[in-house]
Amino acid sequence: MAPIGIVQSCFSTRNGTPRQPLLVPLARACLVFDSTRVPPASLEGLEEYSHCWIIYVFHLNTDLEKLWKHPSKSKFKAKVRVPRLKGGRLGVFATRSPHRPCPIGLTVAKVEAVQGNMLLLSGVDLVDGTPVLDIKPYLPYCDSIEGAVVPNWVMEKKSLYSSPDELKSLVKQALSWDIRSVSQRNRPHNNLLKIGSGDASGNASDLDDSQDGEASGELIYHLILDGMDFSYKIDGNGNVMVKEVHISSAISFGNEKRCNFLMWKDKLK
């Protein structure tokens with residue numbers, strides 16, 4: 001199969017790219033279609049959908065060279081290590097690992113706009129340069145399956161939220177308020193940038209546990225919600241921008257007494 005387009009993503013390397021879609025709503029990408037294969041008219045009507053499925057190739061997969069050999073010589077592993085199982089192995093088809101017998105990925109993204117032979121997306125988990133094989137509109141009535149179940153290890157995080165979309169709404173609600181401390185809010189923004197850039201007039205002790213100074217001159221704040229560490233910044237106009245999302249090392253998910261959504265789903269309407 002030949003790609004029909006290439007992704008121009010805000011993520012330039014695999015390291016730092018979210019492992020799942022929609023976790024970082026502001027993660028944008030432009031899908032540029034090959035106009036010799038895909039006439040612009042092919043995209044007409046797509047802007048009426050909120051989301052779309054993207055079928056793509058794991059082009060940076062470190063196992064690609066093995067896949068092109070004869071099957072008997074590929075030595076491809078049937079099981080992969082799963083981060084949530086702390087290195088435990090599962091059959092590759094029971095995971096979303098990029099190391100697959102056929103390096104094809106599936107993700108969902110928000111449709112922001114269509115222009116000519118380009119599609120602007122957000123909430124992506126795609127690295128720059130990803131070749132795309134196909135896109136399809138997301139249909140809630142058949143793509144979202146009520147009552148679908150997953151293994152317990154998938155819910156290991158003991159989340160109180162049923163889906164990434166619900167967690168995303170929580171983050172938006174929390175960050176819509178200025179949750180910084182009084183001292184952080186009262187400190188002039190320019191002074192924060194000096195501290196963040198390591199200016200000699202700044203004092204590193206002024207940075208508390210909820211903020212980091214970066215060499216780029218940006219001051220990064222942290223919000224830990226539902227066991228996830230959301231790194232964000234606030235510009236001089238008060239606009240909040242989420243930069244990265246990571247599993248928080250400050251939260252231990254090994255505690256079996258932690259509540260989770262499955263315990264309450266029958267009570268939640």
Side-chain angles (χ1 to χ4, degrees), residues 1-69 71 74 76-78 80 90-146 148 150 154 163-165 168 245:
M1 295 185 183
I4 61 172
I6 301 294
V7 170
Q8 297 178 1
S9 170
C10 60
F11 301 111
S12 58
T13 63
R14 289 178 302 164
N15 185 28
T17 303
R19 293 187 177 184
Q20 301 295 344
L22 306 180
L23 288 180
V24 184
L26 289 175
R28 290 179 180 165
C30 181
L31 173 51
V32 182
F33 292 90
D34 181 350
S35 57
T36 63
R37 293 181 175 274
V38 181
S42 305
L43 300 176
E44 289 183 8
L46 184 60
E47 72 279 0
E48 298 180 31
Y49 294 89
S50 64
H51 295 78
C52 69
W53 292 107
I54 302 171
I55 302 172
Y56 61 98
V57 178
F58 288 110
H59 69 301
L60 296 182
N61 190 330
T62 55
D63 292 331
L64 278 181
E65 190 174 334
K66 298 179 182 178
L67 301 177
W68 312 136
K69 297 180 179 179
S74 69
F76 195 87
K77 297 178 181 179
V80 296
L90 275 182
V92 64
F93 294 127
T95 75
R96 292 194 176 191
S97 168
H99 301 285
R100 319 185 72 79
C102 212
I104 297 176
L106 174 68
T107 191
V108 67
K110 188 174 188 298
V111 176
E112 295 286 355
V114 177
Q115 180 175 316
N117 69 328
M118 298 182 295
L119 173 61
L120 181 63
L121 304 163
S122 65
V124 299
D125 59 348
L126 300 171
V127 71
D128 191 62
T130 296
V132 171
L133 300 176
D134 194 15
I135 61 171
K136 300 178 187 294
Y138 179 91
L139 304 177
Y141 76 91
C142 61
D143 289 340
S144 178
I145 303 174
E146 185 177 355
V150 297
V154 175
S163 67
D165 282 340
K168 182 174 68 174
V245 183

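For the numbers below, each heavy atom of this structure counts, side chains included, while hydrogens, waters and symmetry mates do not.
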Least distance between heavy atoms, Pro103 atom then Asn61 atom: CB-ND2, 4.3 Å
Heavy atoms, side chains only, cut-off 4.5 Å: are Val111 and Ser50 in contact? no
Residues that Gln115 engages under side-chain hydrogen bond (donor to acceptor under 3.5 Å, both in side chains), provided they are two or more places apart: none
Working note: Val132 + Ile54, criterion side chain to side chain contact (heavy atoms under 4.5 Å, CB included); need CA distance, chi angles, decisive distance, verdict. CA-CA 7 Å; Val132 171; Ile54 302 171; 4.0 Å; yes
Do any pairs count as a ring pair (Phe, Tyr, Trp, His ring centres under 6.0 Å) and have a residue in residues 115-139, sequence neighbours left out, and if so which ones? Trp53-Tyr138
Which pair of non-hydrogen atoms, one from Ser97 and one from Thr95, has the smallest distance, and what is that distance? N-OG1, 3.2 Å
Of all residues at least two apart in sequence or in a different chain, which pass the side-chain contact (heavy atoms from CB on, under 4.5 Å) check with Cys30? Gln8, Val32, Met118
Taking only residues two or more places apart in sequence, or in another chain, which ones meet Phe58 in a ring-ring contact (aromatic ring centres under 6.0 Å, His included)? Tyr56
Grab the two heavy atoms, one from His59 and one from Val127, that are nearest each other, plus how far apart they are. CE1-CG1, 3.4 Å
Could you list the residues that satisfy side-chain contact (heavy atoms from CB on, under 4.5 Å) with Ser122, not counting sequence neighbours? Arg28, Lys110, Glu112
May I have all residue pairs that pass salt bridge (Lys or Arg N to Asp or Glu O under 4.0 Å) and include part of residues 43-52, sequence neighbours excluded? none
What are the two closest non-hydrogen atoms of His99 and Val92, and how far apart are they? O-CG2, 3.2 Å
Could you pull out all residues at least two apart from Ala29 that satisfy side-chain contact (heavy atoms from CB on, under 4.5 Å)? Val7, Ser9, Val124
Could you list the residues that satisfy side-chain hydrogen bond (donor to acceptor under 3.5 Å, both in side chains) with Thr36, not counting sequence neighbours? Asp34
Sorted by chain and residue number, the side-chain hydrogen bond (donor to acceptor under 3.5 Å, both in side chains) partners of Asn117 (sequence neighbours excluded) come out as none
List for me each residue that meets side-chain contact (heavy atoms from CB on, under 4.5 Å) alongside Leu139, sequence neighbours excluded, and say none if there are none. Tyr49, Tyr141, Cys142, Asp143
How far does OG1 of Thr130 sit from CG of Leu31, to the nearest 0.5 angstrom? 10.0 Å
Tell me every residue that passes side-chain hydrogen bond (donor to acceptor under 3.5 Å, both in side chains) with His51, counting only those two or more places apart in sequence or in another chain. none
I need the minimum non-hydrogen distance between Arg37 and Pro3, along with the two atoms involved. CD-O, 3.6 Å
Could you work out, with salt bridge (Lys or Arg N to Asp or Glu O under 4.0 Å) as the rule, every residue matching Asp134, not counting sequence neighbours? Lys136
When rounded to the nearest 0.5 angstrom, what is the spacing between CG in Asp128 and OG1 in Thr17? 9.5 Å
Identify the two heavy atoms, one from Cys52 and one from Leu121, that lie closest to each other, and give their separation to 0.1 Å. SG-CD2, 3.9 Å
One should read off an interatomic distance between Ile135 CD1 and Ser42 OG, to the nearest 0.5 angstrom, of 9.0 Å
